[in-house]
Novice: 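Got a structure for you, written out below as structure tokens; questions coming shortly.
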2 protein chains.
Amino acid sequence: MRDGVLGIQQPRRRGLTDEVAEGIRHAIFDGSFEMGEHLNEVDIAERLEVSRGPVREALVQLRQEGIVTMKWHRGAHIVQFSAKDVRELASLRTVLEVFAIREAAVSATETDLDQMNQVLTAMSRALADESDHAMIQLDVQFHDSLYRAAHHDRLWNAWSSIRSQVMLSLLVKRHTFNEYYRDRVIAEHRDLLQVVAARDPEACERAVREHLAATYERLVSRFRSTDEETAESTDR
Amino acid sequence: MRDGVLGIQQPRRRGLTDEVAEGIRHAIFDGSFEMGEHLNEVDIAERLEVSRGPVREALVQLRQEGIVTMKWHRGAHIVQFSAKDVRELASLRTVLEVFAIREAAVSATETDLDQMNQVLTAMSRALADESDHAMIQLDVQFHDSLYRAAHHDRLWNAWSSIRSQVMLSLLVKRHTFNEYYRDRVIAEHRDLLQVVAARDPEACERAVREHLAATYERLVSRFRSTDEETAESTDR
DNA sequence: GCATTGCAAGTTGTTGACATTCGGAACCTT
DNA sequence: AAGGTTCCGAATGTCAACAACTTGCAATGC
């Protein structure tokens with residue numbers, strides 16, 4: 001946020017709560033937990049060498065991000081997305097992102113555009129590595145920079161509260177994205193950057209709608225429509 | 001949610017965290033705290049007769065709701081809205097609520113419409129009492145029922161994360177709303193209900209845009225703008 | 001056998017004590 | 001007296017123990 005006088009990034013002091021939240025988030029994205037798995041507070045606390053206090057506070061945060069659910073005296077579980085959930089993510093995200101890109105078209109600075117561009121070049125590099133995980137991360141990162149370019153704190157918060165869900169829903173089905181990512185991601189995102197740079201609100205809205213429709217059309221079908229159906233045999 | 005077999009409303013068990021969060025929220029809305037005031041954890045804990053643990057967890061929740069800010073080792077403060085904040089609330093809320101009412105127009109049930117109607121009648125009663133506080137509460141409550149009619153969990157969460165801010169920004173300037181509330185609230189909200197009931201998406205969108213524009217046009221001017229904002233702002 | 005009841009183990013919820021950090025008052029230096 | 005430094009009080013951050021709750025299992029009764 002504020003760099004020191006010497007341009008040195010002064011160590012941002014933050015509590016264990018945030019560290020733990022990031023740790024758990026990272027673990028979830030890395031696939032260290034199964035979908036629906038129970039998160040044991042003492043396990044996490046011991047593994048991160050912290051007490052349970054910060055862990056609990058972190059879980060409250062993650063609940064707000066929608067990637068864990070909590071019930072009274074029943075602890076936290078990783079969410080399990082149904083097709084309905086993904087459809088909700090798609091529709092809400094479209095609404096937010098159309099708004100975001102229209103705002104960005106008006107108030108994006110050169111710096112903002114640069115950052116979007118940097119993500120694009122990072123994508124090109126990642127394409128060679130064929131790492132789906134890295135690519136998805138960059139995908140989300142690009143949209144981060146788009147939202148940031150809108151310069152709208154509360155819009156950013158709204159995005160933050162579904163961001164982790166978006167990331168998780170993509171990661172879970174990452175293997176179905178191979179061809180898509182190889183063929184179209186970079187082009188589509190470059191289009192987004194261009195319409196923003198061109199300051200054309202209408203083109204912006206069209207580009208976002210197409211981009212998200214294309215992404216989610218294939219994604220939704222990968223999730224089960226009823227989560228009542230169950231249940232693979234118990235793994236214990 | 002699920003009533004017992006005997007129709008007995010089983011007491012919804014919830015932790016102290018939620019109770020405390022609601023307590024603090026209530027206190028803030030009641031004006032028990034000044035804007036920007038520091039929230040002392042031990043004071044709150046003692047006053048509510050709980051330990052600091054639940055209080056801290058509750059504050060994390062309230063931070064997510066945007067009505068308190070927290071900094072490392074500096075605790076929690078009530079937010080202070082600037083004109084920019086209120087403008088952000090207005091624009092984001094418009095985006096969300098347009099989406100909400102269009103969804104509601106499609107998927108609202110009779111029960112949903114009934115609940116909206118109930119709030120309307122409660123408003124009529126409150127109008128006589130001339131209690132601004134009660135009226136604002138009902139105003140927000142009406143919009144609650146609108147969002148609920150959309151049957152979209154993530155949209156509801158997005159609304160929840162600005163709801164408290166909306167409520168607070170209205171309450172802080174409640175004295176400027178006398179005439180408006182007396183004259184137009186009920187009519188405008190009844191319009192909203194009618195267009196939803198008519199299942200007319202376009203009329204819905206128009207009604208919401210007008211309603212919110214009217215509300216925020218007068219509200220924004222009541223908040224003072226920050227220095228930097230006036231310095232670099234370009235009107236549009 | 002099947003359902004019910006009581007127990008026990010394990011997990012979460014809560015608490016009070018301890019450690020760390022911030023901000024300001026008092027003090028020294030110039 | 002102005003400016004900087006040191007120290008202390010007060011609040012927050014963290015921890016480990018205690019209490020409450022849920023759940024699965026086994027014993028009991030039918």
Side-chain angles (χ1 to χ4, degrees), chain A residues 1-2 4-5 10-24 27-28 32-34 36-64 67-79 230-231 233-236, chain B residues 1-2 4-6 8 10-24 27-28 32-34 36-64 67-79:
Chain A
M1 209 129 192
R2 50 147 49 141
V5 188
Q10 69 176 7
R12 266 220 322 174
R13 306 238 323 315
R14 50 176 198 176
L16 287 184
T17 297
D18 289 347
E19 308 266 4
V20 172
E22 198 157 309
I24 298 176
I28 293 176
S32 304
F33 299 102
E34 297 296 320
E37 184 174 342
H38 177 73
L39 294 177
N40 189 314
E41 293 180 3
V42 305
D43 276 359
I44 296 174
E46 283 175 358
R47 194 169 316 178
L48 298 180
E49 297 179 313
V50 201
S51 78
R52 283 175 50 220
V55 173
R56 288 179 59 82
E57 286 175 21
L59 288 175
V60 171
Q61 236 174 278
L62 294 178
R63 177 181 61 178
Q64 231 80 2
I67 53 180
V68 310
T69 60
M70 294 175 76
K71 282 184 180 171
W72 163 265
H73 254 296
R74 240 167 282 182
H77 291 258
I78 309 280
V79 288
T230 170
S233 54
T234 61
D235 54 323
R236 182 164 335 182
Chain B
M1 202 135 187
R2 51 148 48 144
V5 187
L6 304 174
I8 306 172
Q10 66 177 3
R12 265 228 315 177
R13 305 272 221 45
R14 51 175 200 176
L16 287 185
T17 297
D18 288 348
E19 308 267 4
V20 171
E22 196 157 312
I24 298 177
I28 294 176
S32 304
F33 298 103
E34 297 297 318
E37 183 174 342
H38 176 73
L39 293 177
N40 188 316
E41 292 181 2
V42 305
D43 275 1
I44 296 174
E46 282 174 359
R47 196 170 312 178
L48 297 181
E49 296 179 312
V50 290
S51 73
R52 282 175 48 218
V55 174
R56 288 179 58 82
E57 286 176 21
L59 288 175
V60 171
Q61 233 175 279
L62 295 179
R63 177 182 59 177
Q64 233 82 0
I67 53 179
V68 310
T69 60
M70 293 176 76
K71 281 184 179 172
W72 163 266
H73 255 295
R74 239 167 286 182
H77 291 258
I78 309 280
V79 288

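To find a chain, count down the sequence lines: A is the first, B the second, and so on, and within it residues start at 1. Heavy-atom basis, side chains included; hydrogens, waters and symmetry copies ignored. In this text the structure is predicted, and so the values were computed from the model without any measurement.
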Novice: Could you list where the contact with chain A starts and ends along DNA chain C, reading 5' to 3', using a 4.0 Å heavy-atom cut-off?
Specialist: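 Counting from the 5' end, contacts occupy C:dT11 to C:dC22.
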Novice: So which heavy atom on B:Leu62 is nearest to which on B:Ala21, and how close?
Specialist: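 In this case the closest contact between B:Leu62 and B:Ala21 is CD2-O, 4.1 Å.
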Novice: Give me each pair satisfying salt bridge (Lys or Arg N to Asp or Glu O under 4.0 Å) with a member in residues 52-61 of chain A, each pair once, sequence neighbours excluded.
Specialist: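 Applying salt bridge (Lys or Arg N to Asp or Glu O under 4.0 Å) to every pair that reaches into residues 52-61 of chain A, excluding sequence neighbours, yields A:Glu41-A:Arg52, A:Glu41-A:Arg56, A:Arg56-B:Glu57, A:Glu57-B:Arg56.
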Novice: Do B:Val68 and B:Ile28 touch side chain to side chain, with heavy atoms closer than 4.5 Å?
Specialist: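 Yes - at least one pair of side-chain heavy atoms lies under 4.5 Å apart.
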Novice: Reading DNA chain D in the 5' to 3' direction, which nucleotide is the first one with an atom under 4.0 Å from a heavy atom of chain B, and which is the last?
Specialist: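 On DNA chain D, the outermost contacted nucleotides are D:dA11 to D:dT22.
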Novice: Across the strands shown, which category fits B:Leu59 at heavy-atom distances under 4.0 angstrom: base, sugar-phosphate, nothing?
Specialist: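 Nothing: the residue B:Leu59, judged by heavy atoms under 4.0 Å, touches no strand.
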Novice: At a heavy-atom distance below 4.0 Å, what parts of residues 50-57 of chain B sit against DNA chain D?
Specialist: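 Within residues 50-57 of chain B, the residues near DNA chain D are B:Arg52, B:Arg56.
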Novice: Counting C-beta onward and ignoring hydrogens, is there a side-chain heavy-atom pair between A:Leu39 and A:Val55 closer than 4.5 Å?
Specialist: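 Sidechains of A:Val55 and A:Leu39: no contact.
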Novice: Could you tell me which residues satisfy side chain to side chain contact (heavy atoms under 4.5 Å, CB included) with A:Ser32, sequence neighbours excluded, listed by chain and number?
Specialist: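 Side chain to side chain contact (heavy atoms under 4.5 Å, CB included) check on A:Ser32 returns A:Ala27, A:Asp30.
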Novice: Mapping A:Gly15 and B:Asn40 onto DNA chain D by nearest heavy atom, which one lands closer to the 5' end?
Specialist: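 Between the two, 5'-proximity favours B:Asn40.
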Novice: Under the rule for side chain to side chain contact (heavy atoms under 4.5 Å, CB included), what residues qualify as partners of B:Gln64, not counting sequence neighbours?
Specialist: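 Listed in chain order: A:Gln61, A:Gln64, B:Val60.
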Novice: Judged by each residue's nearest nucleotide on DNA chain D, which is more toward the 5′ side, A:His73 or B:Lys71?
Specialist: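 It is B:Lys71 whose nearest nucleotide is closer to the 5' end.
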Novice: Kindly write out the residues that satisfy side chain to side chain contact (heavy atoms under 4.5 Å, CB included) with A:Leu48, not counting sequence neighbours, or none if the list is empty.
Specialist: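 Residues passing side chain to side chain contact (heavy atoms under 4.5 Å, CB included) with A:Leu48: A:Val20, A:Ile44, A:Val50.
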Novice: By side chain to side chain contact (heavy atoms under 4.5 Å, CB included), which residues pair with B:Thr69, not counting sequence neighbours?
Specialist: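 Expected list: B:His77, B:Val79.
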Novice: With sequence neighbours excluded, tell me which residues meet salt bridge (Lys or Arg N to Asp or Glu O under 4.0 Å) with A:Glu22.
Specialist: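 Listed in chain order: A:Arg14.
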Novice: Taking ring-ring contact (aromatic ring centres under 6.0 Å, His included) as the test, write out the residues that go with B:His73, two or more places apart.
Specialist: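 Partners of B:His73 under the ring-ring contact (aromatic ring centres under 6.0 Å, His included) test: none.
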